[in-house]
Amino acid sequence: MATAFVHSSCNTVSGSNPQRRLLRDSPAASTSTTRRWSRVNLASVARTLFSLINAGRVREAASLFESTEKPDTFLWNLMIRGYANGELYEEAVHVYRRMQDAGVWADHFTFPFVIKSFANSSSYDDGLRVHAKIIKVGLDSDLFICNSLVTMYSKFGLLSAAERVFYEMPERDDVSWNSLVDGYVSNGEGWRSLVCIKQMQEAFGMRLDWFAITSALAACSLELCLEQGKEIHCHVIRNGLEPDIKLQTALLDMYCKNGDMVYAQRLFSSMSRRNIVTWNALIGGYALNDEPLQAFASAIKMQDNYMIPDTITVVNLLPACAELRSMDHGKAIHALAIKKGFLPHLILETALMDMYAKCGDLKPSELLFEKMTEKSLVSWNTMIAAYVQNGRNLEALQLFLHLQEGPLGPDVFTISSIIPACAELASLQQGTQIHSYVLRAGYGRDSVVLNSIVNMYARCGDLNISRQVFDRMMCRDLVSWNILIMGYAIHGHGKAALELFSAMKDTGLKPNQSTFTSVLTACSITGLSDEGWLHFDSMQQEYGMSPEIEHYGCMVDLLGRTGDLRAAIDFINKMPLVPTARIWGSLLTAGRNNRNIEVAEFAAEQILRLEHDNTGCYVLLSSMYADAGKREDVDRVMSLMRQKGLNRTAARSLVEFDGKTCSFVNGDRSHDQSNKIHQVSSVLSRKIEEAACDPGAIFDPIDAVMKKANSPNRHSLRLAVIFRLISSTVGSPVLVKKNVRICNHCHHAVKLISGFSGREIIVGDTKIYHHFSDGTCSCGDYW
DNA sequence: ATAGGGTTAG
């Protein structure tokens, strides 16, 4: 052994560089006696250092190493290995640098440790440099080095580089294959890893070992291949592979991820030993598969078995709290995590943010997010999604813009949260920018993302672009069609929507429940009565579907639209489903539009029986009374609402200007141009009164009762429309988005304004889009 | 002496 050390030391020290020899061989050390003594000394140091490193005693090894004069390659390698195996990668790299500075040559033993250190400290540039060096010194065909490089590149996410090393290496062993397979799995490429495994088995006749099996199981979890996962399970049993606790847990996890909790539970019961990881996998499985109670039960059972919950247990339980919408459970777990000292922890904090948001409380989420010392893209995505889920679209958009100021770039998750926010806000400019980002970032083939973009353009009032994106999609799925049909429906293009529906059927796609929601919505909004009934029947007769509450709602809307309120009530009474507030809401609207107060009162009664806090219902009823001149009833309804401690939803109108969303409330004076807006509003109001057909102009008790700020002249919609009219190019359409439905007064006023200004004005409310032009509206005054 | 992933957030 000692000779080998001396040999490698000679290799390193002497070489053929006279200058190096000159530098290293100082006159004092060049006598033959000193050299012999130092060889003996080096050999004994090597033996001690070797056993210290193997025992994991790196610090002691380091002090011995530092006191050693002129350590040889072997000693340097030992130190680098000691640090790398102790996960002290910075130190390992530091030692490697000192080794280079000392002029000692790195060999085929050195590089695997160095590569590992760069790989695990995400030192991308250093990793590439060391690869170049390896090629330069001619070690690029070494099996161990190449295997390490494959792992390094896949840890960097550079799969094509990993593949290149793999395919160019002169010989490959099982570690080479397993490293590549793992590279695919850990980069989310489940399919490619399964293909690779098949190849190594079939084309190269290799046996799958423990590592290959665990990778294959992870791939089956990723791609939801339950059948292949089961095959691997059989393979384990058939080939008599000793299923150790890790392998069994990997199997358990595969069943959990594939949603087969029955099998997972069976496997779990059959296990002779279980550790914390096993329990965590089971708990995570129940939480993932919407069995929150089972998740909690398992956590309790786990503790009965003397297992102490760890960070991962807590992370796995949080989605169960979210699923139950139980803040109490969530808070208790949060408290436990604090008590146990699990925080701060990036993943745990992110999971907590998500839990609070899903339980409907954004405050704790925001606090957690602000205070996080380290934020990953997932943290940002979670917070953005939290805002969107809770209807706080403006904040979501602000946070999204804030994210882009930093080093992190939005990914598909970010995009699929933020696009619906743009749709809700009708932020066409923002949405368009994000669309172009999607194309640049290469997410333009993701059908989920594209579908949300088609929807976004439709909700931003641009049906043409929406259609264009749809037409250019590589593969349109059922959702794409449903979205586009709905887009045409809400803009009042019922005929076009129905044409799309038949085009969809021509492609061989089978409609689902959502398709019929889109189709029936199209019929009801456009008043296509015969077609509506035809499709309502065909959905049952031809497709064997049972209509859901939404479909019945559309039919009530349709009946209301044709003015047959008696038939609408009969239809509701004969429905096989229990009518919900949504159904009575359609009847209420029908009553309002047909000016039938009795029907409206009846519908409102039903709604308030189900939803005592439905403010929209009070408001609509009171406005009907107002229009009918029933002052006492207005007072009665409004005071009833106040008694219940309810406030009417603050009406808001949004417009986008210069890429920013501007929000207006009734009587708003907060805007830069408020003075001008109000001046124009007064002028227009006079013109509208002169036109003398405002239904509210003759007698308007609401105006009398409410403060002046609440007069229809000051409604948020009018302010928003005027702002947009005076601040945009002549001739371009005006788009306003509202959070409540348009009132009669505004509808009438905007019709006239579109005539006065010669501009197209599009107003999206919570249900439909009104296209005003030349003094008329696309909804035909029924909404 | 050298290369290796059981459970964790959207």
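Treat the numbers as computed from the prediction; the structure is a model and nothing was measured. Basis for what follows: all heavy atoms, side chains included, without hydrogens, waters or symmetry-related copies. Residue numbering restarts at 1 for every chain, and letters A, B, ... go by the order of the sequence lines.
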Checklist entry - Within the structure shown, what part of the strands sits under 4.0 Å from A:Phe111 by heavy-atom distance: base, sugar-phosphate, or nothing? => result nothing

Checklist entry - To the nearest angstrom, how far is A:His345 atom NE2 from B:dA9 atom P? => result 11 Å

Checklist entry - Within the structure shown, what part of the strands sits under 4.0 Å from A:Trp380 by heavy-atom distance: base, sugar-phosphate, or nothing? => result nothing

Donor-acceptor pairs under 3.5 angstrom involving side-chain atoms of residues 313-321 of chain A: please list them, not counting sequence neighbours.
{"unit_1": "A:Thr313", "atom_1": "OG1", "unit_2": "A:Asn280", "atom_2": "OD1", "d": "2.7"}
{"unit_1": "A:Thr313", "atom_1": "OG1", "unit_2": "A:Asp310", "atom_2": "N", "d": "2.9"}
{"unit_1": "A:Thr313", "atom_1": "OG1", "unit_2": "A:Asp310", "atom_2": "O", "d": "3.4"}
{"unit_1": "A:Thr313", "atom_1": "OG1", "unit_2": "A:Asp310", "atom_2": "OD1", "d": "2.7"}
{"unit_1": "A:Asn316", "atom_1": "ND2", "unit_2": "A:Asn280", "atom_2": "O", "d": "2.8"}

Item to check | A:Tyr96: side-chain hydrogen bond (donor to acceptor under 3.5 Å, both in side chains) partners, not counting sequence neighbours | outcome: A:Gln100

Checklist entry - Does A:Asn77 make a side-chain donor-acceptor contact with the base of B:dA1, cut-off 3.5 Å? => result yes

Item to check | Separation of B:dT7 C1' from A:Leu348 CG (nearest whole Å) | outcome: 15 Å

Checklist entry - Touch check for A:Asp310, heavy atoms < 4.0 angstrom, all strands: base, sugar-phosphate only, or nothing? => result nothing

Checklist entry - In terms of side-chain heavy atoms of A:Pro112, which of B:dT7, B:dA9, B:dA3 is nearest? => result B:dA3

Checklist entry - With a 4.0 Å cut-off on heavy atoms, is A:Ser379 in touch with a base, just the backbone sugar-phosphate, or nothing at all? => result nothing

Checklist outcome for this item: Rounded to whole Å, the CG-P distance (A:Leu288 to B:dT7) equals 14 Å

Next on the checklist: Regarding A:Ser186, tell me which of base, sugar-phosphate or nothing describes its non-hydrogen contacts under 4.0 Å with the strands shown.
Outcome noted: nothing

Next on the checklist: Looking only at the side chain of A:Val175 (C-beta and beyond, no hydrogens), which of the listed nucleotides B:dG10, B:dT7, B:dG4 gets closest?
Outcome noted: B:dG4

Item to check | Stacked cation flag A:Arg266 on A:Tyr263, 6.0 angstrom / 45 deg | outcome: yes

Item to check | Aromatic stack A:Phe413/B:dG10: centroid gap under 5.5 Å, interplanar angle under 30° | outcome: yes

Checklist entry - Under the side-chain contact (heavy atoms from CB on, under 4.5 Å) test, which residues partner A:Lys301, sequence neighbours left out? => result A:Trp279

Name each donor-acceptor pair under 3.5 Å that joins a side chain in residues 127-140 of chain A to protein atoms two or more places apart or in another chain, with its distance.
{"unit_1": "A:Arg129", "atom_1": "NH2", "unit_2": "A:Asp126", "atom_2": "OD1", "d": "3.1"}
{"unit_1": "A:His131", "atom_1": "ND1", "unit_2": "A:Tyr153", "atom_2": "OH", "d": "2.7"}

Item to check | Atom-to-atom span, CG of A:Leu222 to P of B:dG6 - whole angstrom | outcome: 15 Å

Checklist entry - Can you list, by residue number, the residues of residues 244-257 of chain A that have a non-hydrogen atom closer than 4.0 angstrom to DNA chain B? => result A:Ile245, A:Lys246, A:Thr249, A:Asp253, A:Lys257

Next on the checklist: Looking only at the side chains, is there a donor atom on one of A:Tyr83 and A:His94 sitting less than 3.5 Å from an acceptor on the other?
Outcome noted: no

Next on the checklist: In this structure, how many angstroms lie between the P atom of B:dT8 and the CG atom of A:Asn280, rounded?
Outcome noted: 9 Å

Checklist entry - To the nearest Å, how far apart are A:Ile53 CD1 and B:dA1 P? => result 14 Å

Next on the checklist: Could you tell me how far apart A:Asp72 (CG) and B:dA1 (C1') are, to the nearest whole angstrom?
Outcome noted: 13 Å

Item to check | Options B:dG10, B:dG6, B:dA1, nucleotide nearest the side-chain atoms of A:Val277 | outcome: B:dG6

Next on the checklist: Quick check for you: among B:dA9, B:dG6, B:dA3, whose closest atom lies nearest to any side-chain atom of A:Asn275?
Outcome noted: B:dG6

Next on the checklist: Within the supplied structure, the quantity of interest is the number of heavy atoms (other residues, nucleotides, ligands) at a distance under 6.0 Å from A:Lys340 NZ; does it exceed 12?
Outcome noted: yes

Item to check | Base of B:dT2 and ring of A:Phe109 stacked, centres under 5.5 Å, planes under 30° | outcome: no

Checklist entry - In terms of side-chain heavy atoms of A:Val315, which of B:dT8, B:dG10, B:dT7 is nearest? => result B:dT8

Item to check | Selection from B:dA3, B:dG6, B:dG10 that lies nearest to any side-chain heavy atom of A:Asn85 | outcome: B:dA3

Next on the checklist: Can you list everything that forms a side-chain contact (heavy atoms from CB on, under 4.5 Å) with A:Ser326? Sequence neighbours excluded, please.
Outcome noted: A:Leu324, A:Asp328, A:His329

Checklist entry - Taking atom C1' of B:dA1 as reference, at what distance in whole Å does atom NZ of A:Lys116 sit? => result 13 Å

Checklist entry - Is there a donor-acceptor contact under 3.5 Å linking the side chains of A:Thr151 and A:Ser148? => result no

Checklist entry - Of the candidate nucleotides B:dA9, B:dT7, B:dG4, which contains the atom at the shortest distance from the side chain of A:Ala281? => result B:dT7

Next on the checklist: Once you apply a heavy-atom cut-off of 4.0 Å, does A:Asn316 come out as touching a base, just sugar-phosphate, or nothing?
Outcome noted: sugar-phosphate

Checklist entry - Reckon A:Ser179 has a side-chain N or O less than 4.0 Å from the OP1 or OP2 of B:dG4? => result no

Checklist entry - Of all the choices, B:dA1, B:dG4, B:dT2, which nucleotide is nearest to the side chain of A:Asp209 once you look at every atom? => result B:dG4

